[in-house]
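Below is one structure; the comments refer to it alone.
The sequence lines fix the lettering, A, B, ..., with proteins before strands; numbering per chain opens at 1.
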Protein chains: 2
Amino acid sequence: MTLDTIDIKLLDYLQQDSKQTNKELSNKLNLSVTAVYERIRKLERSGVIDKYVALINKQEVNKDFVAFCHIKLVQHAQEYVTKFEREVANLKEVAECYHISGDYDYLLKVVVSDMEDFREFMVNKLTSINHIGSTHSMFVINEVKHTTAINIS
Amino acid sequence: MTLDTIDIKLLDYLQQDSKQTNKELSNKLNLSVTAVYERIRKLERSGVIDKYVALINKQEVNKDFVAFCHIKLVQHAQEYVTKFEREVANLKEVAECYHISGDYDYLLKVVVSDMEDFREFMVNKLTSINHIGSTHSMFVINEVKHTTAINIS
DNA sequence: GATGAAACAATGACTGG
DNA sequence: CCAGTCATTGTTTCATC
């Protein structure tokens, strides 16, 4: 699907706030309500817009201890890789998991309540997955920037 | 604010899909539509729910080259730290920036189109910020798991 | 908490320009 | 693309139990 400049602006707005009415958007974009409605539906149906979600404040729900965890596997046979990825994806504390280039194989973003919670996660959940060679954890001191929006240009 | 088990379920649902109608949610939670409406409003006003956003498919907008970038500053005087954080937050390619513990000072998530785009970002934008000592980039080979939802329990 | 009523807004399909 | 229609559905605020 090709996006024109209006689509890009529309996506920017919706990535910031999806609860705006079509009327508000039509004013910002100088379009009719129907045109906005049809553009949004096209973006939804084509798969450009994946879904709409609520974002919550980690602090308010006492889940503001965030760590990034590097992981190296002992072996890289397809069987072990698949098993590790499946098991790690099932851990609720793991918000994100990336297979990355470099010294380590994976980078995990772990969201828990506090250091004690993190310790328990490491000991009882993460390291109980087989074939993990080594891990290296970094703790988030401060979230300087965090956006779910993707810059399209 | 204290959350009961119904609030937690409600937040789980809204973090997965915020476009559900209150009627659908009232069925899932065995509540009346008005009760659901009032709980949501309470969660919004108390700041537990931060905002509602559209999530878009990186692939569909040709922004699926993702890198994590470690950064070490030369100096750590408050002045340089503040300046670095302000400048890096203004870079549109930087989706996330964390001040972290460990060998490096910062971890950035950079979202661009391709390697050429990334090279340009590094040369013209990131490393033109003063006081950066060293950087170390890791490229995302595969996104094993990525959720914006926070597990509350 | 529930319920019903009422005002308002959005959806989805449809005209015709 | 726009403007306007219309029935249906959902949202939001009431008052009442």
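No option in A:T34, A:D4, A:L3 other than A:D4 meets the side chain to side chain contact (heavy atoms under 4.5 Å, CB included) test with A:R39.
Between the P atom of D:dT12 and the CZ atom of B:R45 lies a distance of 10 Å, rounded to the nearest Å. Atom CD of A:E38 and atom C1' of C:dA13 are 10 Å apart (whole Å). The distance from atom CG of B:L31 to atom P of C:dT3 is 10 Å, rounded to the nearest whole Å. The CD atom of B:E24 sits 12 Å away from the C1' atom of D:dT9 (whole-angstrom rounding). Note: CG (B:N30) to P (C:dT3) measures 12 Å, nearest angstrom. Between B:E44 atom CD and D:dT13 atom P the separation is 10 Å, expressed in whole Å.
For A:R86, the side-chain hydrogen bond (donor to acceptor under 3.5 Å, both in side chains) criterion is met by no residue, not counting sequence neighbours.
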Give each protein N/O atom lying under 3.5 Å from an N/O atom of nucleotides 8-11 of chain C, with the pair distance.
| from | atom 1 | to | atom 2 | distance (Å) |
| --- | --- | --- | --- | --- |
| C:dA10 | OP1 | A:T21 | OG1 | 3.2 |
| C:dT11 | OP2 | A:N22 | ND2 | 2.6 |

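B:T34 comes within 4.0 angstrom of a base, heavy atoms only.
Side-chain contact check for B:H131 versus B:E87: every heavy-atom pair is 4.5 Å or farther apart.
Under the 30°/60° scheme for interplanar angles, the aromatic rings of B:Y98 and A:H146 are found to be tilted.
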| Does the pair A:I71 and A:D105 meet the rule for a side-chain contact (heavy atoms from CB on, under 4.5 Å), with working shown? | CA-CA 6 Å; A:I71 292 178; A:D105 297 317; 5.9 Å; no

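Comparing A:R41 and B:V36 along DNA chain C, the residue whose closest nucleotide (by nearest heavy atom) sits nearer the 5' end is B:V36.
Summarising the geometry of B:T135 relative to B:C69, their closest heavy-atom pair is CB-SG, 4.4 Å, with the distance given to 0.1 Å.
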